[in-house]
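Each remark here refers to the structure printed beneath this line.
Remember, predicted model here, so these are calculated numbers, not experimental data. A note on names: the letters A, B, ... follow the listed sequences, proteins ahead of strands, and every chain is numbered from 1.
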Number of protein chains: 2
Amino acid sequence: MSGPFVIIGGDAAGMSAASKAKRENPELDVRVFEKGEWVSYAACGMPYYVKGDVDRLEDLVAVTPEEFREQRNVDLRTNHEVVEIDPNGRTVTVEADGERFDQAYGSLLIGTGARAIEPPFDGLDLDGVFTLRSMDEADAIEDDVATADPSSAAIVGGGYVGVEMAEALVERGLDVSIFEMLPRTLQPFGEGAARVVEDHLREKGVELHLETAVRGFSGANGRVEAVELEDDAVSADLAIVGVGVAPNVELAEAAGVELGPTGAIATDEYGRTNLEDVYAAGDCAEVTNVVTGEPDHVPLALTANRAGRAVGTTVAGEATPTGGTAGTAIVKAFDLGAARTGVVDEERARNAGFDPVSVTIDAPTRPHYYPGATELTVTLVADRKSERVLGASVVGRDGAKRIDTVATAVDAELTVSELEKLDLAYAPPFSPVWDPILTAAKVLSGKLDE
Amino acid sequence: MSGPFVIIGGDAAGMSAASKAKRENPELDVRVFEKGEWVSYAACGMPYYVKGDVDRLEDLVAVTPEEFREQRNVDLRTNHEVVEIDPNGRTVTVEADGERFDQAYGSLLIGTGARAIEPPFDGLDLDGVFTLRSMDEADAIEDDVATADPSSAAIVGGGYVGVEMAEALVERGLDVSIFEMLPRTLQPFGEGAARVVEDHLREKGVELHLETAVRGFSGANGRVEAVELEDDAVSADLAIVGVGVAPNVELAEAAGVELGPTGAIATDEYGRTNLEDVYAAGDCAEVTNVVTGEPDHVPLALTANRAGRAVGTTVAGEATPTGGTAGTAIVKAFDLGAARTGVVDEERARNAGFDPVSVTIDAPTRPHYYPGATELTVTLVADRKSERVLGASVVGRDGAKRIDTVATAVDAELTVSELEKLDLAYAPPFSPVWDPILTAAKVLSGKLDE
């Protein structure tokens, strides 16, 4: 490899790669092209900006462009869009201020991220209809709530964004309805966790419309007034469409980069694509699922940061695997925390060749006599034959980070008996003698013995 | 084996064994002899009874004697003390109401627990001087605080009991001093955690006398008035001696049961002693440390419950290992939680044949922009050559249960790189992108590469 390390996209994967490459090899010429204004921002914090927990949008920026340039010596160009990759000529074509130029690369990282899926809905262009993916969108939603004074909101999609935005908008005083096509919210968390979250959302005044297909939005004077269903309409002064994200792969695909089975960019364990010296990392790329061993698309922050960091290290001279993913995720839903790891869905487990057995238990987070004990609902899934722990979800007012114990067990390929034998921390202010994770393992162990 | 399953001691190990054996084999004749009144109580909850968080001492009882007898069909005899074991005749001699009788056994479990160490102090018999091991002692301390109205307390020993009782007695309005012979409190937590706890104890008004040897207590009219040091005396209206526990092994030793290197009863992986059909479990027995592979004495509740349960299963017919210990522990110190797992002390690591390398970091428990972020201090220790994770401690206002991630990693024998690659849960209300445990692993990984 000779020539600069060129990075397309200045968010989690791209900026992690840039920073790490410069730290490992200060002589390396690192150039980042970001088509927007914002770099290295915490997209996961945006709902809390709308909610009002975060004062300024700028607070979500971890490292500013100036800091990257001045302190980390990264040649970062914002408002520079890469419009073409030429793998034969080893160049990218960059567009900025209406002009184009070619930039040669020694190594190239594609970190183009993902975008909010826009379903073929009517009325997506009405005022008051938003997706939430970029900082500008977060800003626009906050501004709209503050200035247009909407009194009701329709959220399409009951995933992370839907649940987090429901909390944010209820906090802002809106009447909130969630519309979800599937029979439950938080699909990857399994039914046990979803039911607890749904009851809680209803307690908090959120109206849930499950198994409900949205056709679009209708309005007057260019502003949304209702969400249109198959044979009904529900009034809404504001609408958020949060039905998932799609990887931005068009630029890569046009250059001959191969996609994987998930539709994201296929990579090897070092984040390499099929093209020489071309890497992909973050929300546009696949990673290996540690449970199934198959390529997976997990557009989450830690995965992106980690893969970017690994590619940066590799390009700087020390080949470093990007690491796998257990698909661990956690979400706040008002007073609850819900978390998941590994493979929770039984059908998905069967598709990966496992014979899943699962239990769902309610267990206290502290001994009965200690003040403030709450219930944690734990779903634990294992393979019948190997007894390997495949995944789990937990949900409760306290202790959702206990999922990390199972995430560790999943990654270490522990069996249920091994999980049951772990020496987890006990004292009355923190846990019952048998931590809820151990209790779930005991119950699942019994079921496997049947 | 024929004849009943006889259990000496009705606390965590004994009652877990009794319950589990009856559940697995309802035909089995299970007889428990407990020399005191109380069975199956949460000793770890006693400081919170003194503090006032727990209303009634009875609340600490998990299962009452009546429930054991009537619902679990366990022949439980309280106020029955086993005074001799005859392994040749396969009987124990029981004393109750001044009478003695012999009880034959098919299998025998020694679950005699541990007692508070009483150093050779002057004045241990003065009123107002207590140890805290039994329910009666907890009752006596609470009663003394309520009726004798002490205004100052001396706590001898800066371990779990000392720190928990300091909190309890400050809450009850006393001026509290802790006297510790060693240069720091919470010895098994390592220096990083101990310093944070000590600063916090001082903030809360607790006076710390480290590297201070106590000679005893002095008083007037039979009541304690001061703690006597080498060449000083500090006034105290109440004193708690919490300098550790010693396993109750005398009965076993007299019968020819072998002790291990820690002074507790030596057992194999099934909890068997050297005598045929004689088991030992709980605070009187050794277990295997999962890091060192050596026998260890860890008088903690989970270890006792788990070992008892395993012995009960084995005696009921299905041989079940008691499992090892990572020595995981957690303690509340006012607003802080401190936790530890594995081998943290470098000298102990070297004695076990490792070449320990460690780092101590401070990391936030949430992103900087999210309200309520606090610092967690993490010490992580690994072996230089194998890079295996040996142990950790964490301390902070929030998140001490994160120790469970390392407890799992220690048990699964993960390396630091493997720990660093774990997919732990991230969302702003719960964690920064890089969980403090991952940050510690990153820093330690860098140090190992040097």
Considering all heavy atoms, the nearest [X]-[Y] contact:
X	Y	value
G282(B)	A304(B)	CA-CB, 3.6 Å
V311(B)	Y270(B)	CG2-O, 3.8 Å
P436(B)	A363(B)	CB-CB, 3.9 Å

Counting N and O atoms only, with roles assigned by atom type, does the side chain of [X] sit under 3.5 Å from a partner on the main chain of [Y], one being a donor and the other an acceptor?
X	Y	answer
R397(A)	T374(A)	no
H368(A)	D59(B)	yes
T303(A)	P299(A)	no
R306(A)	L422(B)	yes

Could you look at [X] and say if it's the side chain, the backbone, both or neither that has a heavy atom under 4.5 Å from chain B?
X	value
E420(A)	both
R402(A)	side chain
V287(A)	neither
L60(A)	both
R366(A)	neither
I403(A)	side chain
F430(A)	both
L438(A)	side chain
S417(A)	neither
K401(A)	side chain
D435(A)	side chain

Original post:
Side chain, backbone, both or neither: which part of V61(B) has a non-hydrogen atom closer than 4.5 Å to chain A?
Top reply: backbone

**OP:** Tell me, for V433(B) versus chain A, whether the close heavy atoms (under 4.5 Å) come from the side chain, the backbone, both or neither.
**Re:** both

Pick from [options] with the largest number of heavy-atom pairs that fall under 4.5 Å of chain A:
options	answer
A310(B), A412(B), G323(B), C44(B)	C44(B)
W434(B), Y426(B), Y49(B)	W434(B)
L424(B), D411(B), T322(B)	L424(B)
I437(B), L419(B), T325(B)	T325(B)

Do [X] and [Y] come within less than 4.5 Å of each other through their side chains, counting heavy atoms only?
X	Y	value
E167(B)	E164(B)	no
P429(A)	Y48(B)	yes
T408(B)	L414(A)	yes
M135(A)	M46(A)	yes
M15(B)	V63(B)	no

What option among [options] has the most heavy-atom pairs under 4.5 Å with chain B?
options	result
E418(A), E413(A), K442(A), R340(A)	K442(A)
D55(A), V290(A), V54(A), N305(A)	N305(A)
G327(A), A12(A), A301(A), A425(A)	A425(A)

